[in-house]
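Notes follow once the structure below has been shown.
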Amino acid sequence: IKVTVSWLGDVYKRQAWKIETHMTIKGQAKDHSALSRFVRRLYNQPEIHNIKILNTTTAANMKAVDFNLAVTVNSIGING
C-alpha cells in the first residue's frame, strides 16, 4: 500500500482542553481486500478515533485501487 498523509489541522474544543487532529490519507492498494486490511489495522491503533473511507476508484493501470480516507486521531485531555 502506498500512502500520502495530509494534515487538515487541529480542532480545539473547550472540554477539559480536548484536542482533535484530523488528517486525510490518499493512497493506493493492490485491491479492496488489501485496503480493508489496511483500514482495520489502522483502526486498531489506540491513537485512532475514527476512519471514513471517502472514496475508492480503480487506478488508471487497472491493477490497483486508489483511495482517500479521513482519519480522526484520539483527543488528548489536558486538565486545567
Side-chain angles (χ1 to χ4, degrees):
I1 292 183
K2 293 188 221 174
V3 174
T4 303
V5 177
S6 301
W7 291 95
L8 297 179
D10 296 335
V11 176
Y12 299 94
K13 294 181 181 179
R14 177 77 178 154
Q15 287 181 336
W17 289 97
K18 208 175 198 183
I19 300 171
E20 291 182 343
T21 301
H22 301 265
M23 64 180 164
T24 58
I25 298 177
K26 179 179 180 179
Q28 195 173 65
K30 183 175 83 173
D31 53 31
H32 282 91
S33 294
L35 173 58
S36 178
R37 286 189 302 273
F38 174 73
V39 170
R40 194 174 319 115
R41 282 191 223 136
L42 184 61
Y43 194 75
N44 285 333
Q45 300 302 309
E47 300 84 6
I48 301 302
H49 175 69
N50 193 25
I51 301 171
K52 291 182 184 176
I53 299 174
L54 301 176
N55 61 34
T56 63
T57 56
T58 303
N61 64 11
M62 303 292 285
K63 295 182 180 180
V65 175
D66 293 326
F67 63 87
N68 289 296
L69 308 175
V71 179
T72 305
V73 179
N74 271 335
S75 302
I76 300 170
I78 302 172
N79 295 323

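Throughout, numbering of the chain's residues begins at 1 and tracks the sequence. Since this is a predicted model, take the numbers as computed values, not measurements.
- Judged by distance alone, the side chains of Ser36 and Arg40 do bring a donor and an acceptor atom under 3.5 Å apart.
- A distance of 6.5 Å separates NE2 in His32 from OG1 in Thr58, rounded to the nearest 0.5 Å.
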Any chance you could lay out the side chain to side chain contact (heavy atoms under 4.5 Å, CB included) test for Phe67 and Val39, step after step, and finish with the verdict? CA-CA 11 Å; Phe67 63 87; Val39 170; over 6 Å; no

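- Both Tyr43 and Val73 belong to a single network of hydrophobic side chains, linked directly or stepwise wherever heavy atoms of I, L, V, M, F, W or Y lie under 4.5 Å apart.
- No chain of hydrophobic side-chain contacts below 4.5 Å, direct or via other Ile, Leu, Val, Met, Phe, Trp or Tyr residues, connects Leu54 to Ile25.
- Here the NE2-CG distance, from His22 to Asn50, works out to 9.5 Å after rounding to the nearest 0.5 Å.
- Here the closest non-hydrogen pair linking Leu69 and Phe38 is CD1-CE2, 3.9 Å.
- Here the CD-CG distance, from Glu47 to Leu42, works out to 9.5 Å after rounding to the nearest 0.5 Å.
- In the hydrophobic cluster analysis, where Ile, Leu, Val, Met, Phe, Trp and Tyr join through side-chain heavy atoms closer than 4.5 angstrom, Val71 is grouped together with Ile53.
- A distance of 12.0 Å separates OG1 of Thr21 from NE2 of His49, quoted to the nearest 0.5 Å.
- Minimum heavy-atom separation, Leu35 to Ala29: N-CB, 3.9 Å.
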